[in-house]
Structures are given as C-alpha cells and as structure tokens.
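Please read these numbers as outputs of a predicted model, since none were measured by experiment. Side chains are part of it too, since the values below use all heavy atoms of this structure and drop only hydrogens, waters and symmetry mates.
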Amino acid sequence: MRQKPLEQKQQKFLVLDDHELVLGGTTEVLKRHYPEAEILTAQTAQRAQVQIERYRPDLVVIDLSIPEDSSVTARVETGLQLIETLMESYPTLNIVVQSTHPRSLIRLKHGIDAHEGGFTVADKNLSVVEMIKRVEWALQGVNYTPQEMREKGLEFKPEWLEVLKLAFAEELQDKEIAKRMKVVEKTVRNYWTKIQDTLGVYPEPGKNLRIQTEMKARERGLID
C-alpha cells in the first residue's frame, strides 16, 4: 500500500498598510508570486494584532507609518511599537518592513539583533523584483536592515566573533560550532544572519554565502 504524501502547510501572509492603493498593490504582487498562499490584510495596528494572534502568519509585511486604530492618524512611532511587540511575542515571525522611513528602525536595533525570524526592509520605491527578493529573504530567515544600522560602529557581539573564529580559523561546521558554544544549532544559524547583515552580505545567485562572509570578515579585520 502506497503511503499518502504529507500535505504541505499553506503559507499565510499578513499585509499591513493604511493606504488602500498600497495595500492592494502589495497584496496583488504577493498573490502573483505565491498563488497558494493565504493573504490577510489589515489597516491598523489593532487589527493586525488580532489577525496575527488568530492566524499566526508565516510572514508580516508592515508599513512603519500606521494608525493604532481607525480613529487616529498614522504615526511612525505606532509602527515601531507594533514591530517591537511582535518581535517580543513571536520571536520566530518573519517580518518585512515596507516603508519610506527605514532609518527609524535604528531605535529597534537591539531587538532586531535578538530576533530569531527573518527581518528585511523594503523601500516603497523598490521594483517588484526587489520587493519579492526581500520577501524571499525574510522567509529564509535572512536579516537585511538599513545601511545606517549596519555601518554605525560595526557593532559585533562576542558570540558572533566566536562563530567566525570557529568557522574560519578552526573550520568547524554549524553542528560542531553549536556544541562548542553550548547552544542549539538553530541559534548558530541565527548568529550567521546577524553577522551577514552587519557585514552587508546577502544571498546572490551563483555566490557562496559562507565564502562571501569570510572574505568580508577578513577585510574588516574580524578574523586573521
């Protein structure tokens, strides 16, 4: 008797934007590229939180300038507070910030560094191709933040430096690195996304991400 193949879980996306045209445009783009996904929408922070709690989406695409509810005007501060809440409540949630105010995310730098899910930023003026690239990266667990956040002092945590040392000086794989650092392998993979974002290294067709990371780390003097 042939075993019935396991059904793949349907992806769920939530798009949050208070402008109907932008909301509709982003939703249509996602529908074209992810025809099997369920696309949810919200126009206020309150509605988004209800949707996320109820449906637990795989990905949230959020504008920074949003209203708390339908009775007030949109504010960047509201978007920042919502993102901070989501990262605390759903540490593995994949997030794409679609905004014309990405610099404001500097205020959430430490929270983003600690976040385990994918976190990417897409300017609203990006082409459809580039926008979808940010979505794909977020779903893969990649971090991509504004340049200002990456260049400000090249802040590297001790555990990130330890990963670089074990990977490139001792040539260990992630499983062995996790054992040496006494953490789970998923944590090591999360460290890699933070390291690569800080160094400005992102997935590119035909390029080995680990090799590109090593080259950048050596250029910056982080490893010998």
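- Residues N143 and W137 bring no donor and acceptor atom of their side chains to less than 3.5 Å of each other.
- Other residues, nucleotides and ligands contribute at most 12 non-hydrogen atoms within 6.0 Å of the NZ atom of K165.
- Under a hydrophobic clustering in which Ile, Leu, Val, Met, Phe, Trp and Tyr are joined whenever their side-chain heavy atoms come within less than 4.5 Å, directly or via other members, I52 and V97 fall into the same cluster.
- E68 and R75 are not joined by a salt bridge, as no carboxylate oxygen comes within less than 4.0 angstrom of a charged side-chain nitrogen.
- There is no side-chain donor-acceptor pair under 3.5 Å between S70 and Q43.
- A salt bridge does not link K133 to E136: none of the charged side-chain nitrogens sits closer than 4.0 Å to a carboxylate oxygen.
- A donor-acceptor contact closer than 3.5 angstrom is absent between the side chains of D69 and T44.
- Applying the salt bridge (charged side-chain N to carboxylate O under 4.0 Å, His left out) definition to pairs two or more places apart or across chains, none involves residues 32-47.
- In this structure, a donor-acceptor pair under 3.5 Å is absent between the side chains of Y90 and E116.
- If you take CG on D58 and CG on L14, they are separated by 11.5 Å, rounding to the nearest 0.5 Å.
- Residues satisfying the ring-ring contact (aromatic ring centres under 6.0 Å, His included) test with F119, not counting sequence neighbours, are none.
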- [ ] Show the numbers, then the answer: is there a side chain to side chain contact (heavy atoms under 4.5 Å, CB included) between E214 and L164?
- [x] CA-CA 8 Å; E214 180 180 6; L164 291 174; over 6 Å; no
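- E170 CD: more than 12 foreign heavy atoms inside a 6.0 Å radius.
- A salt bridge between K124 and D17 is present, with a side-chain N of the basic residue lying under 4.0 Å from a carboxylate O of the acidic one.
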